[in-house]
Number of protein chains: 2
Amino acid sequence: MDRLDRKILRLLQEDSTLAVADLAKKVGLSTTPCWRRIQKMEEDGVIRGRVALLDPVKVNTKVTVFVSIRTNTHSIEWLRRFSEVVGEFPEVVEFYRMSGDVDYLLRVVVPDIAAYDAFYKRMIAKIEIRDVSSAFAMEQIKYTTQLPLDYMVIDQAKSNEE
Amino acid sequence: MDRLDRKILRLLQEDSTLAVADLAKKVGLSTTPCWRRIQKMEEDGVIRGRVALLDPVKVNTKVTVFVSIRTNTHSIEWLRRFSEVVGEFPEVVEFYRMSGDVDYLLRVVVPDIAAYDAFYKRMIAKIEIRDVSSAFAMEQIKYTTQLPLDYMVIDQAKSNEE
DNA sequence: GATGAAACTTACGTCCA
DNA sequence: TGGACGTAAGTTTCATC
């Protein structure tokens, strides 16, 4: 991957509806090679897919809650089931295993506090958890699906071309 | 918005490359009305855009760090500048104002701990912060851009049709 | 890599029920 | 609203240099 690939990715991360011809123009390439680069990055799995992003307010999920979970180090089997059960809730949009004092961290989206309470009850009914603590976000100041591309590993062989 | 709109959104949240004709088939509609519904939801801002999602490992940003920030309740002006400065870092992919003991929460993506340390130094060089604590994610068990649609407000007038 | 063109697939507007 | 049809535009795959 070289600088041109990075440019392509940067643009596609912003807006994937761009026509390949327009994209090529912006990158300084003609359509065919630009198209081939995109194909390759899709095959290589660099591009995982193209999705529509919705407005959280419009679909009534404007409240984000971060849920910190502490478990009593259970069996591998329990942990597997725990991950499965929690991950199946569509309200859980992010789910991390953490280092440090918290074992797991969830980002949950719901319409309001009442809905969060209902979600919480459904969750703990399905799986026993030692300690749960919830932190409510008052405002989402930034949310982007655009990963920084500054850390991308650039092929030295290719980077000499430009 | 009715159940058909919800079906359309559900599919587009998964994969926005679907042709309108295929989408229409899955939803049980012909292409024109399906296309019109999509247009309307784009105009209404329900659909915010279509983007490419990249593989964090492939672009070398596999490490997520949650950064909890406590401030000494500063002036409005300071808070505005703080938000601006922090939000400008491309490594900061999510940024929330919280209720409770933590004032702000960031999700930061970097290649490794060393890169996080470098990011941290650059951030505190730009703006003074009272208290910062970092929690590292060991594993991303779930990450989705798909918002749950179960809370969507359905037009009663329309819902009688089906 | 660039260019150009062919074949095919979509998107999108018009018209009618 | 939804369905049918047509055109313009896009995508994808060829050649060529």
Side-chain angles (χ1 to χ4, degrees), chain A residues 1-55 58-60 145 149 152-162, chain B residues 1-55 58 145 149 152-162:
Chain A
M1 288 195 292
D2 62 0
R3 292 181 174 76
L4 291 177
D5 285 328
R6 181 148 67 180
K7 274 190 187 175
I8 293 170
L9 291 177
R10 207 181 299 279
L11 290 164
L12 285 179
Q13 275 200 117
E14 276 175 26
D15 181 10
S16 65
T17 64
L18 267 92
V20 182
D22 297 342
L23 191 62
K25 212 170 290 172
K26 291 198 181 199
V27 171
L29 217 59
S30 81
T31 60
T32 312
C34 181
W35 180 83
R36 270 200 298 251
R37 280 165 179 269
I38 297 168
Q39 290 300 309
K40 184 164 191 329
M41 291 194 285
E42 265 167 4
E43 275 168 34
D44 293 350
V46 180
I47 298 173
R48 274 176 33 199
R50 292 132 187 272
V51 301
L53 298 182
L54 309 186
D55 184 328
K58 301 274 167 65
V59 298
N60 201 24
T145 56
L149 299 178
M152 240 176 77
V153 179
I154 300 290
D155 256 11
Q156 286 310 320
K158 282 197 175 180
S159 69
N160 295 331
E161 291 171 11
E162 233 187 338
Chain B
M1 289 193 291
D2 62 1
R3 290 180 175 77
L4 290 177
D5 285 328
R6 180 148 68 179
K7 274 190 186 175
I8 293 170
L9 291 178
R10 207 181 299 279
L11 290 164
L12 285 180
Q13 276 200 116
E14 277 175 26
D15 180 10
S16 65
T17 64
L18 266 92
V20 181
D22 297 342
L23 191 62
K25 213 170 288 172
K26 290 198 182 199
V27 172
L29 216 59
S30 82
T31 60
T32 312
C34 181
W35 179 81
R36 273 200 295 249
R37 281 166 179 266
I38 297 168
Q39 290 299 310
K40 186 166 189 326
M41 290 194 285
E42 265 167 4
E43 277 169 32
D44 293 350
V46 180
I47 298 172
R48 274 176 32 199
R50 293 135 186 271
V51 300
L53 299 182
L54 309 186
D55 185 327
K58 301 275 167 64
T145 56
L149 300 177
M152 238 176 78
V153 179
I154 300 291
D155 258 9
Q156 286 309 320
K158 284 195 175 181
S159 69
N160 294 331
E161 289 171 13
E162 236 185 337

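Each chain gets a letter, A, B and so on, in the order its sequence line appears, and its residues count up from 1.
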In numerical order, the residues of residues 19-30 of chain B whose heavy atoms come under 4.0 Å of DNA chain C are Ala19(B), Val20(B)
Rounded to the nearest 0.5 angstrom, the CZ-CG distance for Arg50(A) and Leu18(B) is 13.0 Å
Interatomic distance, CG@Asp155(A) vs CG@Asp5(A), rounded to 0.5 Å, equals 9.0 Å
Please state how far atom [atom1] in [X] lies from atom [atom2] in [N], giving the value in whole angstrom units.
X	N	atom1	atom2	result
Glu42(B)	dA11(C)	CD	P	11 Å
Trp35(B)	dA8(D)	CH2	C1'	13 Å
Leu18(B)	dT10(C)	CG	P	10 Å
Gln39(B)	dT14(C)	CD	P	13 Å
Arg36(A)	dG1(C)	CZ	P	8 Å

Check: So does Arg37(B) get a side-chain nitrogen or oxygen closer than 4.0 Å to the phosphate oxygens (OP1/OP2) of dG2(D)?
Finding: yes
Which atom names give the shortest non-hydrogen contact between [X] and [Y], and what distance separates them?
X	Y	result
Met1(A)	Lys58(B)	CE-O, 4.0 Å
Asp55(B)	Arg48(A)	CA-CD, 3.7 Å
Cys34(A)	Ile8(A)	SG-CD1, 4.1 Å
Arg6(A)	Ile154(A)	CZ-CD1, 4.0 Å

Is Thr32(B) side chain donor-acceptor paired with the dA4(D) base, going by distance under 3.5 Å alone?
yes
Whichever of Thr31(B) and Cys34(B) has the more 5' nearest nucleotide on DNA chain D, that residue is Cys34(B)
